[in-house]
Amino acid sequence: MTSALLRYALLAATLIGAAAPLRAAAEDLMLPVPLVTLYPGDIVTDAQLVDRMFRVNSRGSLVSIDNRQAVVGKAVRRTLLPGQPIPSNAVDDPKLVRRGVPAQVVFREADLVITGIVEPMASASVNEMVKARNPDSGLIVVGVVQADGTIRVGAQ
């Protein structure tokens, strides 16, 4: 009878211990935050950011940008408030070509260079593929956006 009682006591102690809330370890994390309100379309500069300490729970998931280099030069997608962490999906690469805004298309092969004007069918950033329509012929071409804002088509 004593051994059965001992087993129940051990089982109860184990269950009570398992049901006790686990304390999550917390750590301090330095994150860049805006100094001023940033609106969609703004390009983030280093002067608009300041570092602020946040206490982060190890069980909680913080999906915010943790260094300045990851946000400087990016375009804001949604309003960012001063002193608040910047969510990783709140900024994006700036779009060099905009949907419906005429852009230059370039085809290069050896010494042959052909240029023209097209209307992109979507907005795109550097090194992104984009479809564009020739307004004169209606022909659709696919090209890659270059750093100078042109769309490169053809083999390279």
Side-chain angles (χ1 to χ4, degrees), residues 17-156:
L22 297 174
R23 290 202 151 193
E27 64 179 79
D28 291 333
L29 189 62
M30 189 70 79
L31 299 174
V33 297
L35 276 173
V36 296
T37 303
L38 299 173
Y39 297 99
D42 290 349
I43 303 297
V44 181
T45 65
D46 193 51
Q48 294 171 322
L49 300 174
V50 66
D51 290 328
R52 180 175 164 208
M53 187 72 68
F54 288 91
R55 179 147 318 252
V56 179
N57 194 345
S58 65
R59 285 193 295 166
S61 61
L62 184 65
V63 283
S64 59
I65 296 174
D66 60 357
N67 65 47
R68 287 176 180 248
Q69 289 74 28
V71 70
V72 172
K74 301 284 186 176
V76 176
R77 294 179 64 199
R78 64 178 197 231
T79 303
L80 301 176
L81 300 174
Q84 298 299 312
I86 302 169
S88 57
N89 63 352
V91 294
D92 196 8
D93 292 326
K95 304 296 184 193
L96 289 183
V97 296
R98 298 258 178 231
R99 179 176 187 242
V101 176
Q104 186 176 31
V105 65
V106 179
F107 174 84
R108 254 189 204 106
E109 188 171 307
D111 291 335
L112 176 66
V113 178
I114 301 172
T115 63
I117 299 296
V118 292
E119 292 177 358
M121 298 174 75
S123 297
S125 301
V126 175
N127 293 327
E128 286 184 346
M129 291 190 74
V130 65
K131 287 182 180 180
R133 186 179 69 80
N134 181 325
D136 296 328
S137 66
L139 179 69
I140 305 247
V141 295
V142 178
V144 177
V145 177
Q146 303 300 293
D148 62 358
T150 62
I151 300 172
R152 181 192 57 168
V153 295
Q156 288 286 326

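These figures come from a predicted structure and were not determined experimentally.
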message: Any side-chain to backbone donor/acceptor pair from Arg77 onto Asp92? Under 3.5 Å, distance only.
response: no

message: Counting C-beta onward and ignoring hydrogens, is there a side-chain heavy-atom pair between Leu49 and Ile86 closer than 4.5 Å?
response: yes

query: Listed by chain and number, what are the salt bridge (Lys or Arg N to Asp or Glu O under 4.0 Å) partners of Arg78, not counting sequence neighbours?
result: none

Contacts of Asp148 that satisfy salt bridge (Lys or Arg N to Asp or Glu O under 4.0 Å) - sequence neighbours left out: none

Asp66 side chain near Pro85 side chain, heavy-atom distance below 4.5 Å: no

message: Ignoring hydrogens, what is the shortest heavy-atom contact between Phe54 and Leu31? Give both atom names and the distance.
response: CD1-CD1, 3.7 Å

Thr115 versus Val106, closest heavy-atom pair with distance: CG2-CG2, 4.1 Å

- line: Tightest non-hydrogen contact, residues Leu80 and Pro87, listed as CD2-CD, 4.2 Å

query: Do the non-hydrogen side-chain atoms of Met121 and Ile140 ever get within less than 4.5 Å of each other?
result: yes

Residue pair Pro82 / Leu35, side-chain heavy-atom distance below 4.5 Å: no

field: For Ile151 against Pro120, the heavy-atom pair lying closest together
entry: CD1-CG, 4.2 Å

- prompt: If every non-hydrogen atom of Thr79 is compared with every non-hydrogen atom of Pro40, which pair is closest and at what distance?
  reply: OG1-CD, 3.6 Å

Review item, side-chain donor-acceptor pairs of residues 123-131, under 3.5 Å, at least two apart:
residue, atom, partner, partner atom, Å
Ser123, OG, Arg99, N, 3.2
Ser125, OG, Asp93, O, 3.3
Ser125, OG, Pro94, O, 3.1
Glu128, OE1, Ser125, N, 2.8

message: So does Asp46 get a backbone contact from the side chain of Arg68, meaning a donor-acceptor N/O pair under 3.5 Å?
response: yes

- line: dist Gln104:CD -> Ile117:CD1 (nearest 0.5 Å) comes out at 5.5 Å

- prompt: So do Asn134 and Val141 actually touch side chain to side chain, heavy atoms under 4.5 Å?
  reply: no

- prompt: Given side chains that start at C-beta, do those of Gln84 and Val33 come closer than 4.5 Å, heavy atoms only?
  reply: no

Nearest heavy atoms of Asn67 and Ile65, plus distance in Å: O-CG2, 3.3 Å

